[in-house]
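As structure tokens, the structure follows; a few thoughts come after it.
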Number of protein chains: 2
Amino acid sequence: MSVDFIHTAALLKALADPVRASIMHILSCGEVCVCQLHQYFTISQPTLSHHLSILRKHKLITTRKEGKWSYHSVNATTVKELSRLLDEIFIPGSECLCHTIRQVECSLPLRQDA
Amino acid sequence: MSVDFIHTAALLKALADPVRASIMHILSCGEVCVCQLHQYFTISQPTLSHHLSILRKHKLITTRKEGKWSYHSVNATTVKELSRLLDEIFIPGSECLCHTIRQVECSLPLRQDA
DNA sequence: CGCACACATAGATAAACGTCAATATGAAGA
DNA sequence: TCTTCATATTGACGTTTATCTATGTGTGCG
């Protein structure tokens, strides 16, 4: 059970950190190199690198290397997928799990008015 | 820094769990009582109760008690706020942090084409 | 009252996470 | 080649998280 949302939860978790959410926000206007991100945050360089690697692992960002520098930018495809996954959670549909759930007997009938 | 996204990250983290995402999905069609949720998942009753309390703490759900039973439903206000917070991350705007970031000197000029 | 049921709370535990200092890698310049 | 700079990797450490068992709380029923 709850298998369907493992991927959704993993992607959300990748974003569910103040530093990583900030990074995504900063990158939303275009690519930025690590050294500039580093100067903005108060965290150490390895910590920032770690956060970037998590975002990269979940394909939320892509990295372009140019000489010594690394430029990071938002991966729009994954961002769109995230949006779709959120709709999957919140927008009720015919395939919703609730239909199975509601057939299970509880001791009281469920109200349908909510 | 990155203070602005602390609340956003906390709300995302509340949702960033397979069980909790599933609960939100099931609740999206209307209120359901705990005993029915419990029969769906393979986790223990205290664990489910714990997940529900996290969702409640972050106002993602509301609880209505009726006799011995607890009925849970989605708090649409918070879901809308979550959507707004995600837009705040991903939709570039004039107040974006990147404008401050980009003024910091890196050793190379930044490209604006990404 | 006394018991059973639905759910919450407390406490313990193992795994995951965020962070840092130290070190490695790899590219550019002297 | 040697050094410096930008970034990644490693390894350690304290905190948080998800889970369980055991227990508490409150409701309804006989």
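Sequence lines set the chain letters: A, B, ... in the order given, protein chains first and strands last, and positions in each chain run from 1. Everything quoted here is computed from the prediction, not taken from an experiment.
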Separation of [N] [atom2] from [X] [atom1] (nearest whole Å):
X       : N      : atom1 : atom2 : result
A/Leu48 : D/dA8  : CG    : C1'   : 11 Å
A/Lys65 : C/dA27 : NZ    : C1'   : 8 Å
A/Leu15 : C/dC17 : CG    : C1'   : 16 Å
B/Gln45 : D/dA22 : CD    : C1'   : 12 Å
A/Leu55 : D/dA8  : CG    : C1'   : 15 Å
A/Ile61 : D/dT7  : CD1   : P     : 12 Å
B/Ile43 : D/dT17 : CD1   : P     : 17 Å
A/Phe41 : D/dA6  : CZ    : C1'   : 17 Å

Do the side-chain N or O atoms of [X] get closer than 4.0 angstrom to the phosphate oxygens (OP1, OP2) of [N]?
X       : N      : answer
B/Thr47 : D/dC20 : yes
A/His50 : C/dC20 : no
A/Ser70 : D/dT7  : no

- [ ] Please report the C-alpha distance between B/Thr78 and B/His58 in whole Å, then the side-chain angles of each, then the deciding distance to 0.1 Å, and finally whether the side chain to side chain contact (heavy atoms under 4.5 Å, CB included) criterion is met.
- [x] CA-CA 8 Å; B/Thr78 307; B/His58 290 88; 5.9 Å; no
Nearest to the side chain of [X], heavy atoms from C-beta on, is which of [options]?
X       : options               : value
A/Lys68 : C/dG26, D/dT9, C/dC7  : C/dG26
B/Pro46 : D/dT10, C/dT19, C/dT9 : C/dT9
B/Arg56 : D/dA8, C/dA8, D/dT19  : C/dA8
B/Trp69 : C/dC17, C/dC7, D/dT9  : C/dC7
A/Ile54 : C/dG18, D/dT7, C/dC7  : C/dG18

Open item on the list: Run the side chain to side chain contact (heavy atoms under 4.5 Å, CB included) test on B/Ile23 and B/Leu60 for me, step by step, so that the C-alpha distance in whole Å, both residues' side-chain angles and the decisive distance to 0.1 Å come before the verdict.
Closed with: CA-CA 11 Å; B/Ile23 292 173; B/Leu60 280 162; over 6 Å; no
TODO: Return the 5'-most residue of the pair A/Val34, A/Lys13 with respect to DNA chain D, ranking by each residue's nearest nucleotide.
DONE: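 It is A/Val34 whose nearest nucleotide is closer to the 5' end.
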TODO: Hey, which sits more toward the 5' end of DNA chain D by its nearest nucleotide, A/Leu52 or B/Gly67?
DONE: A/Leu52
Open item on the list: Donor-acceptor pair, distance only, cut-off 3.5 Å: does the side chain of A/Ser22 make one with the backbone of A/Pro18?
Closed with: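 Judged by distance alone, yes, a pair lies under 3.5 Å.
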Open item on the list: Reading DNA chain C from 5' onward, which residue's closest nucleotide shows up sooner: A/Ser44 or B/Ser53?
Closed with: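 Whichever sits nearer the 5' end wins; that is B/Ser53.
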- [ ] Go through the steps for B/Leu86 and B/Leu12 under the test side chain to side chain contact (heavy atoms under 4.5 Å, CB included), then give the verdict.
- [x] CA-CA 9 Å; B/Leu86 284 169; B/Leu12 283 169; 4.0 Å; yes
Task: Verify same cluster id: A/Leu52, A/Ile54 (apolar side-chain graph, 4.5 Å) - done: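 A/Leu52 does not cluster with A/Ile54.
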